[in-house]
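Please read the structure below before turning to the comments.
The model shown is predicted, which means the values in this text are computed figures rather than measured ones. Lettering follows sequence order; numbering is per chain, from 1.
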Number of protein chains: 2
Amino acid sequence: MNKRKRQIIQAARELFIKQGFGNTSIMDIIEAAKISKGTFYNHFSSKNECLIAILEESRDELTNARRELALNQNPSDINELIDQISLIFHLSRKENFTQMFSTTFDSNDQEIKEVIEKHMIIEVDWLANRFIDIYGEKLRPISFECAIHSFAIMVFSLHLLNIATGSAPPPEKVVKVALNRIDTVIPILLETKDILFHEDIVQSLKSKISTAAVSKESLIEQLQGFVDQLSDKDSDRCIELANFLLVELKKNDEKLYVLESLLTSFNHAFNQTPHEKEAKEIANSLWQYLYSKKEKFNICTY
Amino acid sequence: MNKRKRQIIQAARELFIKQGFGNTSIMDIIEAAKISKGTFYNHFSSKNECLIAILEESRDELTNARRELALNQNPSDINELIDQISLIFHLSRKENFTQMFSTTFDSNDQEIKEVIEKHMIIEVDWLANRFIDIYGEKLRPISFECAIHSFAIMVFSLHLLNIATGSAPPPEKVVKVALNRIDTVIPILLETKDILFHEDIVQSLKSKISTAAVSKESLIEQLQGFVDQLSDKDSDRCIELANFLLVELKKNDEKLYVLESLLTSFNHAFNQTPHEKEAKEIANSLWQYLYSKKEKFNICTY
DNA sequence: AACATTTTATACTATCAGTATAAAATACTA
DNA sequence: TAGTATTTTATACTGATAGTATAAAATGTT
């Protein structure tokens with residue numbers, strides 16, 4: 001991530017949080033970021049694109065935070081799930097971006113609308129997988145249904161509690177209640193199959209967020225290229241971690257849990273360095289690779 | 001409702017549906033309505049105010065349609081409730097106003113945001129009362145909880161089905177599933193009281209939509225004034241209905257069911273007349289008066 | 001017919017998104 | 001270090017739009 005770009009995103013983010021997206025003009029951002037108009041348009045083609053970058057960043061933050069929570073935890077522990085879910089509401093409050101996760105934010109802008117829809121599907125898909133972690137494979141056919149119902153209850157309840165009390169309530173309690181509802185309903189759903197989100201609908205939703213599967217070869221290639229460009233300027237910590245990942249990955253019997261454990265350190269090591277963005281991309285690919293082996297090795301969804 | 005104003009609202013409504021609120025400029029509305037800029041600002045101080053007028057109108061349409069469905073029906077019939085609920089989704093689709101009923105539509109505009117929040121509370125409050133119609137008084141303490149959960153599931157599910165299939169699914173099926181979920185959960189809720197929306201929270205929400213109670217005296221006064229201004233120009237039907245309502249209302253033992261039955265006719269009679277708006281206001285007051293006697297007389301919530 | 005109102009046509013201000021460009025600053029490289 | 005490439009800056013411009021102002025014309029009322 002470019003230094004300038006980060007500077008702009010930082011300023012824009014603060015302004016959006018403080019005064020809202022619609023009430024922030026590009027000129028406001030430019031002044032706050034202390035850059036010229038040309039520079040802004042050098043990095044973003046519009047205010048929308050800037051917002052989308054912020055949203056993507058938030059999503060990455062969320063994903064990383066959840067993965068860290070999951071480390072060395074039991075994926076079927078309901079309390080861990082409560083904390084993981086709550087993160088999105090803590091984040092969206094911090095960001096003042098209720099719209100980011102809203103059901104039906106009706107942006108004027110098709111572009112933004114689609115990005116937000118995508119984020120919502122990602123969230124629901126994640127939750128569906130976590131439900132399978134907890135309730136087991138038998139839940140798979142109704143996992144999306146459960147995820148959508150519980151997420152709906154959470155978002156709505158938090159929103160209405162917010163309106164009622166004038167301040168944002170702690171999400172944990174709300175999440176817990178929503179999960180209790182789902183817990184009550186699951187036996188009946190399994191029995192009656194009275195659901196809306198059948199296989200075909202779920203596939204259709206997933207297709208909108210599908211990312212190409214990460215092959216081991218491409219991952220090694222990507223990491224090799226990354227390691228090669230590291231120089232003496234980079235810290236020993238960075239170099240050591242990157243090299244270790246590469247060597248481990250090249251083995252035929254790579255240790256998945258070891259790789260998983262090192263991912264967070266690897267991610268953090270490159271913060272604030274010129275390689276930050278690429279490091280995060282690699283971490284993401286690697287995590288997706290590990291995830292694709294999940295069924296065999298029972299690694300937690302996040 | 002003024003003729004001009006109606007003309008503007010009509011044009012604006014069509015444009016908003018066709019190309020969205022944000023993509024419609026005031027000049028577009030002016031051209032479509034074939035009026036001048038001055039006239040527009042003569043009736044609305046901004047595009048927002050125009051949107052709010054349309055939203056209010058939609059809400060009135062919805063309320064009227066639901067009341068008509070309720071006439072001569074058993075309030076505890078679940079199928080009637082399904083149809084009544086579905087109306088809002090049919091309407092919001094027709095209007096292309098998903099945001100109208102969205103959870104967290106984050107408008108740039110505080111004004112619009114509050115109107116939408118108000119409409120949402122009205123909807124949830126209505127649904128809570130209908131649940132009491134169906135499940136009985138024992139449900140009252142958890143009626144809001146049930147309403148919020150089921151409405152959340154409906155809105156979310158419809159939205160995601162819409163994304164998945166690319167076209168709006170019939171709401172009835174979705175409504176039915178959501179009501180089934182609530183039906184499953186109610187016994188546990190009654191038993192454990194594990195709810196988020198307790199008395200105080202519900203009161204706080206209701207306070208945001210509270211309308212002053214309608215007294216019989218003020219109602220008679222309002223109706224008397226209305227009748228007095230009717231002239232030969234108005235149809236016999238109009239005059240007869242208005243007078244009958246007035247006479248009946250003045251009795252000490254006014255017949256509530258008779259009044260209720262006549263309300264719809266009264267409402268329709270003044271359509272397209274200069275008195276339309278006032279007639280609708282009176283009908284609304286009268287209905288609220290009847291509703292305030294509901295407990296005693298068991299008139300359906302709508 | 002006289003008066004009051006609403007509507008129209010038109011011009012104006014102000015804000016904002018986005019484009020264009022030349023000069024200055026910075027980074028890269030041989 | 002000198003020279004080249006790039007990024008950034010300052011500035012001016014276009015075009016769209018919200019909203020204001022106003023005088024004349026149309027319409028309604030009594």
Side-chain angles (χ1 to χ4, degrees), chain A residues 1-12 15-16 18-54 107-113 229-234 273-277, chain B residues 1-12 15-16 18-54 107-113 228-234 272-277:
Chain A
M1 177 76 67
N2 190 296
K3 181 192 144 208
R4 282 284 175 203
K5 197 160 180 175
R6 172 148 299 287
Q7 187 182 347
I8 300 170
I9 286 185
Q10 191 61 31
L15 284 170
F16 291 167
K18 198 169 64 186
Q19 60 196 44
F21 177 68
N23 297 322
T24 303
S25 74
I26 288 182
M27 283 312 291
D28 291 340
I29 299 172
I30 284 164
E31 278 162 31
K34 297 203 182 76
I35 53 161
S36 78
K37 206 164 191 174
T39 303
F40 180 90
Y41 281 101
N42 219 345
H43 292 281
F44 304 101
S45 70
S46 67
K47 198 169 67 158
N48 276 347
E49 212 177 78
C50 181
L51 173 63
I52 291 172
I54 293 175
S107 170
N108 307 327
D109 205 274
Q110 191 59 24
E111 213 183 352
I112 290 187
K113 200 174 165 180
Q229 69 167 20
L230 294 179
S231 69
D232 299 346
K233 290 179 194 165
D234 300 293
T273 75
H275 308 298
E276 179 175 355
K277 195 181 177 188
Chain B
M1 177 76 67
N2 189 297
K3 182 192 143 209
R4 283 281 175 204
K5 198 161 180 172
R6 173 147 300 285
Q7 188 182 347
I8 299 170
I9 286 184
Q10 190 63 29
L15 284 170
F16 291 167
K18 198 168 62 182
Q19 59 196 45
F21 177 69
N23 298 322
T24 304
S25 74
I26 288 182
M27 283 312 291
D28 290 341
I29 298 172
I30 285 164
E31 277 162 31
K34 296 201 182 78
I35 54 162
S36 78
K37 205 163 192 174
T39 304
F40 180 89
Y41 281 100
N42 219 344
H43 292 281
F44 304 100
S45 70
S46 66
K47 199 170 68 158
N48 276 347
E49 211 176 80
C50 182
L51 174 62
I52 290 172
I54 293 175
S107 171
N108 308 325
D109 204 274
Q110 192 58 26
E111 214 183 354
I112 290 187
K113 200 175 164 180
D228 288 348
Q229 68 167 24
L230 295 179
S231 69
D232 299 346
K233 290 178 195 166
D234 299 294
Q272 318 284 351
T273 76
H275 307 297
E276 180 176 355
K277 194 181 177 187

To the nearest angstrom, how far is [X] atom [atom1] from [N] atom [atom2]?
{"X": "K47(A)", "N": "dG18(C)", "atom1": "NZ", "atom2": "C1'", "value": "13 Å"}
{"X": "K34(B)", "N": "dT6(C)", "atom1": "NZ", "atom2": "P", "value": "23 Å"}
{"X": "I30(A)", "N": "dT11(D)", "atom1": "CD1", "atom2": "C1'", "value": "13 Å"}
{"X": "E31(B)", "N": "dT17(D)", "atom1": "CD", "atom2": "C1'", "value": "12 Å"}
{"X": "M27(A)", "N": "dA12(D)", "atom1": "CE", "atom2": "C1'", "value": "12 Å"}
{"X": "L51(A)", "N": "dA17(C)", "atom1": "CG", "atom2": "C1'", "value": "16 Å"}
{"X": "I29(B)", "N": "dA18(D)", "atom1": "CD1", "atom2": "P", "value": "8 Å"}
{"X": "N23(A)", "N": "dA18(D)", "atom1": "CG", "atom2": "C1'", "value": "15 Å"}

Pairing residues for S46(B) by the side chain to side chain donor-acceptor pair (under 3.5 Å) criterion, not counting sequence neighbours: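 Residues passing side chain to side chain donor-acceptor pair (under 3.5 Å) with S46(B): none at all.
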Minimum-distance nucleotide (side-chain atoms of R4(B) versus dT8(C), dG18(C), dT8(D)):
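Looking only at side-chain atoms, R4(B) lies closest to dT8(C).
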Minimum-distance pair of heavy atoms, taken over all atoms of I29(A) and A11(A):
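For I29(A) and A11(A), the tightest heavy-atom pair comes out as O-CB, 4.4 Å.
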Nearest non-hydrogen partners of A33(B) and I8(B), listed with the distance: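 Scanning both residues, the minimum pair turns out to be CB-CA, 4.2 Å.
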[X]: what forms a side chain to side chain contact (heavy atoms under 4.5 Å, CB included) with it, not counting sequence neighbours?
{"X": "Q10(A)", "result": "E14(A)"}
{"X": "D28(A)", "result": "L15(A), Q19(A), T24(A), S25(A)"}
{"X": "E31(A)", "result": "M27(A)"}

K37(A) side chain to I26(A) main-chain N or O, any donor-acceptor pair under 3.5 Å?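 No; judged by distance alone, with no hydrogens or angles, the pair does not exist.
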Within residues 36-45 of chain A, find the residues that approach DNA chain D with a heavy atom at under 4.0 Å, and present them sorted by residue number.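 Residues of residues 36-45 of chain A that come under 4.0 Å of DNA chain D are, in numerical order, S36(A), G38(A), T39(A), N42(A), H43(A).
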Working to the nearest 0.5 angstrom, can you tell me the gap between F16(A) CZ and L51(A) CG?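 Atom-to-atom, F16(A):CZ and L51(A):CG are 5.5 Å apart.
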Note the angle between the end axes of the helix from dA1(C)-dT30(D) to dA30(C)-dT1(D), five pairs defining each, rounded to 10 degrees.
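The two end axes of the helix from dA1(C)-dT30(D) to dA30(C)-dT1(D) meet at 20°.
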Exercise answer: donor-acceptor pairs, residues 38-45 of chain B side-chain atoms, under 3.5 Å, sequence neighbours excluded:
from: T39(B); atom 1: OG1; to: S36(B); atom 2: OG; distance (Å): 3.4
from: S45(B); atom 1: OG; to: E49(B); atom 2: OE2; distance (Å): 3.0

